[in-house]
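Quick note: numbers below take in every heavy atom, side chains included, and nothing from hydrogens, waters or symmetry partners. Convention: sequence-line order gives letters A, B, ...; per-chain numbering from 1.
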Number of protein chains: 2
Amino acid sequence: MAARSKPVSSATGPANSRGKPTLRTIADITGLAVTTVSRALANAPQISIETRNRVRQVALDIGYSPDRAAQRLKTGRTNVIAVLLEPHEEILGYGTSVMAGIAKALQGTPYHLIVMPNFLNSANIDAINYIIRNSMADGLIFSRTEPLDPRVMLLSENGFPFVTHGRTELATAHPFVDYDNFTFACEATRQLIAKGRRRLALISGPAGYTFAGHIQHGFMTAVREAGCAYEILSDIDLDSPAGAIRDRIRRRYAEKDSPDGFICGGEVCALATITGMTDCGLTLGLEYDIVAKQTSQLLSAIQPRVGTIYEDLTATGEHMGRILLRRIAGSTEFNELQLLLKPDLPFETQPVSAAD
Amino acid sequence: MAARSKPVSSATGPANSRGKPTLRTIADITGLAVTTVSRALANAPQISIETRNRVRQVALDIGYSPDRAAQRLKTGRTNVIAVLLEPHEEILGYGTSVMAGIAKALQGTPYHLIVMPNFLNSANIDAINYIIRNSMADGLIFSRTEPLDPRVMLLSENGFPFVTHGRTELATAHPFVDYDNFTFACEATRQLIAKGRRRLALISGPAGYTFAGHIQHGFMTAVREAGCAYEILSDIDLDSPAGAIRDRIRRRYAEKDSPDGFICGGEVCALATITGMTDCGLTLGLEYDIVAKQTSQLLSAIQPRVGTIYEDLTATGEHMGRILLRRIAGSTEFNELQLLLKPDLPFETQPVSAAD
DNA sequence: CGATCCATTTAAAACGTTTTCATCATACGA
DNA sequence: TCGTATGATGAAAACGTTTTAAATGGATCG
């Protein structure tokens, strides 16, 4: 209990050269050793309950908070989760929704979220190399996977914990959360067919991404099964600026016969399609219909109603966050690290997933 | 030149307990002292040119990159710029555009950008306290200032470098970049008046924000100067979901006489206004017109044309980044730390600003 | 030839933690 | 009474940098 010999400085107030209180400050005030203070704050079992309380109280009083840099240096852990954010993902809040979900999953953990914007022309793979080399984070989340995604390969090789939004076709399994875009596209197509539409068109994600392939596959499946005419508008995609989509539609169907049903992978895309068709003198709900994937409220302002199938991006983010924490904690059980979310369809029940 | 006595270990390969090469590894290989290696990599003038080159070469060969945690601990600098991101800012890529600009400004500097999402219900001020206490960054950027913004006060008191997007009415000056929303609103209103519109309505930003006040002020100024009828739709704003805006418009003007001109602070807002008015059987360009602030390409898909006045958010971000770097470097010259951007108007020339 | 200076290089301390290994009472069983 | 387990605390080393102060060995100079 009694302090042994120790160079007690002023024994009060912040004693740090930079002005911030440190473990040393608390040690001086309480007359304990730095070791003990560190342990008390870490809730180590060996520290007596009184000491622990006293230390915590002093820490609170002087407004102590641990130096993250020192902790990082010593432990090698950063307590940071990084999200790779790409420009196009922001359109209509993709990034926001996902990040909100991740933040939710991280709440109450020592981890916090940083977002690494990937704007400058640097390839995506550079950003990942940068994060690994500089130990910027303990785990990584990113989206828009490709079937043979080099990012996934790089991270897997390095044993760096990560979760993707989207599957790959790589041989080595990895943690992911994905939306069943095949089923989405099937169902969207069937809804149009049910409305009597027989000449269908697809505007999907940019070629090369896994999810775009799934959408196309689902579309083809439903279209063949009904035996109706179709086209895939492969020279425009979700990421195109609204104006470009509109122009493309207008020019394409100004003279030529147009489809009477569109499947759109996104909301801005649907909107632009409508205005392009209007340019051609064609009216939504009359000459044609649209079914689009919905991730925000934008289309609720559009009239007449566009058919929508919902993808919950915040839930996706939350799942990704939780899975990443599991991965960092050491789990390699892929049945709790992989999750395929089903579209909310009227007549199917949402299958219970592996993750809670 | 000759290595004195030194415990040369294996003198090759990474010697770090964690597997990564450190300054020590390079020192062992070259036979130099750690100090010298550190200086060589920092381009210190006192190191001979040959030594410098040799060290750099070895560093490159073994793939050395400095431990950020150790650098942070020693220097107290983080080399990080933080951006506070709020959910609503993502709508139509506000966040993206600004961040792309900041990233551009940071290119080639040792700084890199992290984004702290501010989702969870925690008040904004908590996020800032957190950043200061934990030394998460060397500087901070955030937006949507209030006239008496508590965040600005807190940061100013703590001497923490920051730049805001938006002015305040606080007594103490601080670095900012702002768009001249007063002029924007004046001009937008005048454009409607020039089209012969005489019953005008404003849908502006959420009350409480500085920029919303400026818009309202500009609107009132132009409206009074022309002596026309007006209303301010204060129960809906930019941040409202599109569906809510549409409903609000529809219900309000279903029976009652509607305005013949709208000033909209944002694009989704303009879109929702159009559909709401369509619900009432009123046609854009015929019974009414709209002038909106444009920050993306969304409205380019809308027909007939909505009047727009452009705000360049990427440029804003770039200016904020540059100003923050100046501030961190120690500048207190407010004439190079504050910047008011003028809307791009047809008949006025853009005033050359203080910042490049 | 000794003092002085310059250009390089180095040793060692420090940044604030965590962790390994002791230390020290006290209590306990024999 | 003596070893020994036990429960609480402490000293010191380490993480990988940067920085202060010092050393080294010529070259220059009076």
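Comparing dT18(D), dT17(C), dA12(C) against the side chain of Thr35(B) picks out dA12(C) as the nearest. In the set dT18(C), dT19(D), dG16(D), the nucleotide with an atom closest to the side chain of Gln71(A) is dT18(C). When distances run from any side-chain atom of Leu73(A) to the nucleotides dA12(D), dT19(D), dC15(D), the shortest one goes to dC15(D). Comparing dT18(C), dT10(C), dA14(C) against the side chain of Val34(A) picks out dT18(C) as the nearest.
Side-chain atoms of Asp149(A) come within 3.5 Å of backbone N or O of Glu146(A) as a donor-acceptor pair. Between the side chain of Lys20(B) and the backbone N or O of Arg133(A), at least one donor-acceptor pair lies under 3.5 Å. Counting only distance, with no hydrogens or angles, the side chain of Arg52(A) and the backbone of Ile47(A) share a donor-acceptor pair below 3.5 Å. The closest donor-acceptor contact from the side chain of Arg151(A) to the backbone of Ser143(A) lies under 3.5 Å.
Residue Leu23(B) contributes atom CG, which lies 20 Å from atom P of dA14(C) at whole-angstrom precision. Rounded to whole Å, atom P of dT17(D) lies 11 Å from atom CG of Asn134(A). dC15(D) atom C1' lies 5 Å from atom NZ of Lys74(A), rounded to whole Å. Between the CZ atom of Arg24(B) and the C1' atom of dT17(D) there is a distance of 13 Å, rounded to whole Å. Here dT18(D) presents its C1' atom at 15 Å from CZ of Arg68(B), a figure rounded to the nearest Å. The nearest whole Å value for the distance from the CD atom in Glu50(A) to the P atom in dG7(D) is 14 Å. Note: CD1 (Ile26(B)) to C1' (dT17(D)) measures 12 Å, nearest angstrom. Taking atom CZ of residue Arg77(B) and atom P of nucleotide dT17(D), one finds them 15 Å apart after rounding to whole Å.
Checking His174(A), Arg326(A), Arg322(A) one by one against Leu337(A), the side chain to side chain contact (heavy atoms under 4.5 Å, CB included) holds for a single residue, Arg326(A).
Taking every heavy atom of residues 38-48 of chain B and every atom of DNA chain D, pairs under 4.0 Å involve Ser38(B), Arg39(B), by number.
For CZ of Arg56(A), the number of neighbouring non-hydrogen atoms (other residues, nucleotides, ligands) closer than 6.0 Å is greater than 12.
Between Phe142(A) and Thr164(A), some side-chain heavy-atom pair lies under the 4.5 Å cut-off.
Checking the phosphate oxygens (OP1, OP2) of dA8(D), no side-chain nitrogen or oxygen of Thr36(A) falls inside 4.0 Å. The phosphate of dT17(D) has neither OP1 nor OP2 within less than 4.0 Å of any side-chain N or O from Thr75(B).
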